[in-house]
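Naming convention: chains lettered A, B, ... in sequence-line order (proteins, then strands); numbering from 1 in each chain.
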There are 2 protein chains.
Amino acid sequence: MHTPAFHNHDHAHCTGDVMARAEEITRANGARLTPVRRRVLEILLEEHRAMGAYDVLQRLVAEGFGNQPPVAYRALEFLVDQGLAHRVRRLNAFTACMTPGESHAPAFLICRQCNAVAEAPAEGVRAALEAAAAELGFVVERANLEALGLCPKCVAQA
Amino acid sequence: MHTPAFHNHDHAHCTGDVMARAEEITRANGARLTPVRRRVLEILLEEHRAMGAYDVLQRLVAEGFGNQPPVAYRALEFLVDQGLAHRVRRLNAFTACMTPGESHAPAFLICRQCNAVAEAPAEGVRAALEAAAAELGFVVERANLEALGLCPKCVAQA
DNA sequence: CTTGACCTGTTATGATATTACATACATAAG
DNA sequence: CTTATGTATGTAATATCATAACAGGTCAAG
């Protein structure tokens, strides 16, 4: 499961918003939100969880798109490049970005008990990371911030 | 290449130190630093860079250890569990930890130009991450902090 | 010296990701 | 309108990374 912050929300509404933002962003970047790409983003939003490339591919096949891995990987890579999706490396998976265009470098909180994944706002974390990098003269362009631990529910149980 | 902080240092010396610390740490944890495990750690220290499991395996084979992937993966997993090595997910690779036993949750700085990897001290980053997680009631146990960007040399060139 | 826990080796397979090339489509220049 | 150009898609083949399952070996405690 992928929740924006371990609580419920108006799902259909947020999906519509994000797709609209996606249109704007890609247009602004001079990129094309083609059918496969759009569909992959919709799938990520619908499923609302971290999905493997092959999971996405299965859905695409069922809808008549190409059935080879590159079809999924290319669309996913495009979405990540546009800031519309994120790659969660710990899970070999991808999720739709819930706040495209805004504060980037979110942190992902992954529950080792129930596998829930939440996207946490991480401006402060990014700032700290850039500061630490700057100490060494390193310029950060992108970051993967992933934490493994226990979500609120599983903390309560334990 | 894996450098501790994008600059030179006394390599043989740091390797010896780390091995000694490794002995202490595993003994303290009631774990056994067996020949394969010790050798894998030495290999990581010698090569001084992020190595894939299969790279490590090749070295092991050449030295008469088992030649199947689990041999490498198990030793590497052990070292990671003991805090003697880190997994860099972005590279599907592992590196020896340069400061075992100390401040953990280092951040990795990966140069997209020359592929150098540096381990940066990241207490501040970890603190910020834990704070952000705490906001959502999430308890962080482990974290992968990986930044992609440009190292000092490559910044200078550009 | 036997038991139980853990470590190692091996087989087999699964899961993830990319390279290379062919085809199709969009856009803009002629 | 046609052609040239860049970009996107489809497909085959393969590379790379990782784990499950089981057999045999080692070691220390009782």
Report summary line: Comparing nearest nucleotides in DNA chain C, the 5'-proximal residue of the pair P35(B), N92(B) is P35(B)
Query raised in the report: Which pairs pass ring-ring contact (aromatic ring centres under 6.0 Å, His included) with one or both residues in residues 14-37 of chain A, sequence neighbours excluded?
Result: none
Query raised in the report: dG9(C), dA17(C), dA8(D): which one has an atom nearest the side-chain heavy atoms of V71(B)?
Result: dG9(C)
Query raised in the report: So does N67(A) get a side-chain nitrogen or oxygen closer than 4.0 Å to the phosphate oxygens (OP1/OP2) of dG10(D)?
Result: no
**Report entry** Between C1' of dG10(D) and CD of E63(A), the distance in whole Å
**Finding:** 17 Å
Requested in this report: Just jot down the salt bridge (Lys or Arg N to Asp or Glu O under 4.0 Å) partners of R32(A), sequence neighbours excluded, or say none.
Outcome: none
Query raised in the report: Atom CZ of R38(A) to atom P of dA8(D): distance rounded to whole Å?
Result: 15 Å
Query raised in the report: Once you round it to whole Å, what is the distance between P of dT10(C) and CG of L60(B)?
Result: 12 Å
Query raised in the report: In whole angstroms, how far is the P atom of dA15(C) from the CD atom of Q58(A)?
Result: 11 Å
Report summary line: Sorted by chain and residue number, the side-chain contact (heavy atoms from CB on, under 4.5 Å) partners of E23(B) (sequence neighbours excluded) come out as R27(B), L33(B), R38(B)
Report summary line: Sorted by chain and number, sequence neighbours left out, side-chain contact (heavy atoms from CB on, under 4.5 Å) with E130(B) holds for R126(B), V140(B)
Query raised in the report: Phosphate oxygens OP1/OP2 of dT19(D): is one of them under 4.0 Å from a side-chain N or O of Y73(B)?
Result: no
Report summary line: Once base and sugar-phosphate atoms are separated, protein heavy atoms under 4.0 Å mark nucleotides 21-30 of chain D, 5' to 3', with B, S and - as B-----S---
Query raised in the report: What are the residues of residues 79-89 of chain A, sorted by number, that bring a heavy atom to within less than 4.0 Å of DNA chain C?
Result: R87(A)
**Report entry** Residues forming a side-chain contact (heavy atoms from CB on, under 4.5 Å) with Q68(A), sequence neighbours excluded
**Finding:** P70(A)
**Report entry** Which residues share a side-chain contact (heavy atoms from CB on, under 4.5 Å) with Q157(B), sequence neighbours left out
**Finding:** none
Requested in this report: Could you check how far CZ of F65(B) sits from P of dT8(C), rounded to whole Å?
Outcome: 9 Å
Query raised in the report: Are the side chain of E146(B) and the backbone of R90(B) linked by a donor-acceptor contact shorter than 3.5 Å?
Result: yes
Query raised in the report: To the nearest angstrom, how far is L57(A) atom CG from dT11(D) atom P?
Result: 11 Å
Query - Non-hydrogen atoms of V80(B) and R87(B) that approach each other most closely - result: CG2-N, 4.4 Å
Report summary line: Comparing T34(B) with Q68(B), nearest DNA chain C nucleotide closer to 5' gives the residue T34(B)
Query raised in the report: Nearest-Å distance, OH (Y54(A)) to P (dC17(D))?
Result: 14 Å
Report task. Would you please name every residue forming a salt bridge (Lys or Arg N to Asp or Glu O under 4.0 Å) with E24(A), sequence neighbours left out? Result -> R21(A)
Query raised in the report: What's the CZ-P distance between R90(A) and dA15(C), to the nearest Å?
Result: 20 Å
